[in-house]
There are 2 protein chains.
Amino acid sequence: MTVHADTPAVERQLAQYRDVTYRALLGQLPTREPRRYLYDLISSQLSHVGKGLRPALCIATCRAFGGSIEQALPSATAIELLHNAFLVHDDIEDGSLYRRNRGTLYVEEGVPIALNVGDAMNAISISSLTENIPVLGADLAYRIFHEAQHLVLQSVEGQALELGWTRDNVFDLTEDDYLRLVLKKTCWYTSIHPCRIGALIGTAGTIDADRFNLFGFLLGAAFQIQDDVLNLVGDRNQYGKEILGDIWEGKRTLMLVHALRECSADEREKLGSVFSVSREQRTEQDVNWVFRLFEHYGSIDFARSTLRQVVHAALDEFDVAYRDAARSADRDFIRALIPFLGDREV
Amino acid sequence: MTVHADTPAVERQLAQYRDVTYRALLGQLPTREPRRYLYDLISSQLSHVGKGLRPALCIATCRAFGGSIEQALPSATAIELLHNAFLVHDDIEDGSLYRRNRGTLYVEEGVPIALNVGDAMNAISISSLTENIPVLGADLAYRIFHEAQHLVLQSVEGQALELGWTRDNVFDLTEDDYLRLVLKKTCWYTSIHPCRIGALIGTAGTIDADRFNLFGFLLGAAFQIQDDVLNLVGDRNQYGKEILGDIWEGKRTLMLVHALRECSADEREKLGSVFSVSREQRTEQDVNWVFRLFEHYGSIDFARSTLRQVVHAALDEFDVAYRDAARSADRDFIRALIPFLGDREV
């Protein structure tokens with residue numbers, strides 16, 4: 001990367017906003033029964049925290065536009081809980097075995113109970129948006145509710161595309177299809193809506209939130225492309241998920257789309273047959289062959305090069321989206337997040 | 001039954017409220033992509049309608065207290081869509097093969113896509129509650145939003161209990177445990193909240209909605225006990241689900257709780273081993289043995305006798321809950337629903 005992040009400073013700020021979010025989150029969980037089959041499992045899920053990128057973007061954007069942590073907190077916790085609910089369901093849908101360095105919930109507790117835990121987390125996250133009413137007033141709270149609804153629908157639409165392409169082994173995909181998928185399955189909920197909602201709160205609803213759509217798309221795309229790369233070449237303990245898991249799960253990544261374009265007809269046919277069977281029927285030999293194909297055609301380097309371009313475009317768009325936010329620690333933090341997400345190892 | 005329902009009249013009214021609900025429901029589905037892996041599947045699910053009990057209770061209660069169909073419709077459609085979302089996830093969780101006389105969605109489309117379709121239906125149902133704001137005003141709309149949140153959380157709590165008891169083969173259960181399960185997994189969303197929400201709308205938020213809790217519990221319990229009975233002795237084509245499916249799935253029904261209390265130590269031990277394995281490992285011989293055990297100990301007659309008592313108690317409680325609703329076709333319809341739900345074959 002030509003632009004390097006001040007990693008320790010970014011990580012400190014991420015941790016601070018993550019911790020305030022998780023304190024609020026854990027504090028709002030019901031303490032009643034049933035604990036063993038529901039609420040204890042939610043607490044346990046939330047005790048293995050991720051980066052906290054989404055609540056940090058929401059809180060920092062709110063503060064960059066003049067708002068406070070307290071104003072952003074109900075929305076930030078709702079977004080982070082929605083994210084965790086998505087993960088529980090995604091892991092079932094993708095057949096993922098590991099996350100945050102431990103077995104996924106459905107592996108530990110079985111699909112039925114894990115699915116239901118995800119439903120409960122979804123419901124609680126929507127409830128926490130009603131806390132916006134006394135904090136922000138009914139009009140702005142209602143507007144944020146609509147933002148959250150758009151966030152959820154875009155995410156399930158993206159998930160539908162990815163699951164459908166995987167199930168039906170769809171191969172006629174271009175980089176544009178990949179970016180459209182990433183916009184839907186990742187960007188709206190990871191970056192676009194956290195920025196939009198933070199700015200709406202910080203400006204008491206006066207900003208045109210659409211100005212964050214392109215910046216949020218580029219930031220989310222950088223995050224997802226680096227995720228695709230780490231899935232292939234990351235450090236298992238830092239990344240926390242199964243290395244080569246995307247190949248095992250038949251994911252349509254930027255590397256796969258690139259390799260499909262570059263490879264020979266024979267290789268394309270072999271890719272088709274490797275991905276036509278279920279995860280259980282795929283062999284380690286096949287998975288390693290796909291990885292070597294990516295290396296052979298420079299697909300990983302292609303993804304890294306695309307990532308660099310996306311990071312630079314995001315830096316340019318940052319200046320547009322945050323043009324009238326006065327210089328502040330929060331504004332600097334958001335800008336520093338851009339190269340950080342492109343460089344991250346975790 | 002000593003009290004018989006005017007079945008054709010009840011069915012006509014159910015069909016009328018169901019049809020207006022489904023017209024609204026289908027009209028509010030997004031028409032955009034992705035269709036094949038998401039929205040077409042939702043439309044298809046909704047084209048095989050059930051009884052429409054929940055929206056009918058909501059609309060009829062609203063009208064019985066002076067409101068209109070139009071005022072109740074956004075809430076009625078939200079409740080019916082939530083119900084359909086629950087069914088899609090429940091069928092995955094329970095491993096159910098048939099519903100409404102066809103294969104369940106996850107059997108047809110696979111678990112990943114079906115799970116995601118359920119998530120989308122949940123999200124759309126919550127969205128449709130925001131339509132209450134222009135119709136009912138922000139205060140009442142937010143109150144109904146809270147009702148819906150309570151409905152969802154109670155339902156997932158009930159689901160957690162049932163799934164946990166099934167997975168861990170919990171056997172030390174009494175009739176009280178069964179009724180507590182039914183209250184949570186069935187009654188809040190099937191009857192208590194539809195009545196509460198309908199009455200809140202009909203009275204512009206002035207009624208104390210708690211007066212419907214006992215009536216709704218009894219009505220929902222009658223519905224669930226008859227469902228347990230139909231699952232054993234119903235007509236496959238009318239019932240639409242697999243006969244003896246509850247035994248295949250290891251459900252804690254009123255008959256099972258009764259038989260566990262009545263049977264010998266040896267039989268209890270055999271019940272334990274039959275239910276200790278997964279559905280796939282259970283044999284038809286074992287399932288039939290459980291059914292004969294229920295017959296031998298009069299467990300089905302016990303359930304029917306309990307059902308009669310619940311229906312009579314519900315009729316008494318109806319007079320309390322609807323005491324100041326003037327005589328009307330809607331009030332009569334709700335009263336007639338009580339024996340109808342206890343007698344139903346579908």
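Letters go in sequence order (proteins before strands), and every chain restarts at 1. Keep in mind the model is a prediction, meaning the values are calculated, not measured.
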Closest heavy-atom pair and its distance - A:Ala123, B:Val152: CB-CG1, 3.5 Å
Heavy-atom side-chain contact between A:Asp119 and B:Glu93 under 4.5 Å: yes
For the student: nearest non-hydrogen atoms of B:Ala120 and A:Leu153, plus distance: O-CD2, 4.3 Å
Contacting moiety of A:Glu109, where chain B heavy atoms sit under 4.5 Å: both
Shortest non-hydrogen separation from A:Ala160 to B:Asn116 and the atoms involved: N-ND2, 3.3 Å
Heavy-atom side-chain proximity of B:Arg36 to A:Asp168 below 4.5 angstrom: yes
A:Tyr98, OH atom: more than 12 neighbouring heavy atoms under 6.0 Å: no
Contact origin within B:Leu41 toward chain A - heavy atom pairs under 4.5 Å: neither
A:Ile133 CD1 to B:Phe145 CZ distance, which is reported to the nearest 0.5 Å: 8.0 Å
Best-contacting candidate, A:Gln159, A:Lys184, A:Arg167, against chain B by heavy atom pairs under 4.5 angstrom: A:Arg167
Portion of A:Ala148 that has a non-hydrogen atom of chain B nearer than 4.5 angstrom: neither
Side-chain touch B:Asn122/A:Asn122, heavy atoms, less than 4.5 angstrom: no
Interatomic spacing from OH in B:Tyr37 to CH2 in A:Trp165 - rounded to 0.5 Å: 9.0 Å
Residue pair B:Glu157 / A:Tyr39, side-chain donor-acceptor N/O under 3.5 Å: yes
Test item: A:Val117 and B:Val156 side chains (from C-beta on) under 4.5 Å apart, heavy atoms: no
For the student: nearest non-hydrogen atoms of A:Leu163 and B:Pro112, plus distance: CD1-O, 3.5 Å
Spatial distance of atom CD (A:Gln149) from atom OG1 (B:Thr130) [nearest 0.5 Å]: 7.0 Å
B:Asp40, CG atom: more than 12 neighbouring heavy atoms under 6.0 Å: yes
Which of A:Ile92, A:Val111, A:Ile124, A:Leu115 touches chain B most, by non-hydrogen pairs under 4.5 Å: A:Leu115
Over all atoms of both residues, closest heavy-atom pair of A:Leu161 and B:Pro34: CD2-CB, 3.8 Å
Segment of B:Phe86 engaging chain A (4.5 angstrom heavy-atom cut-off): neither
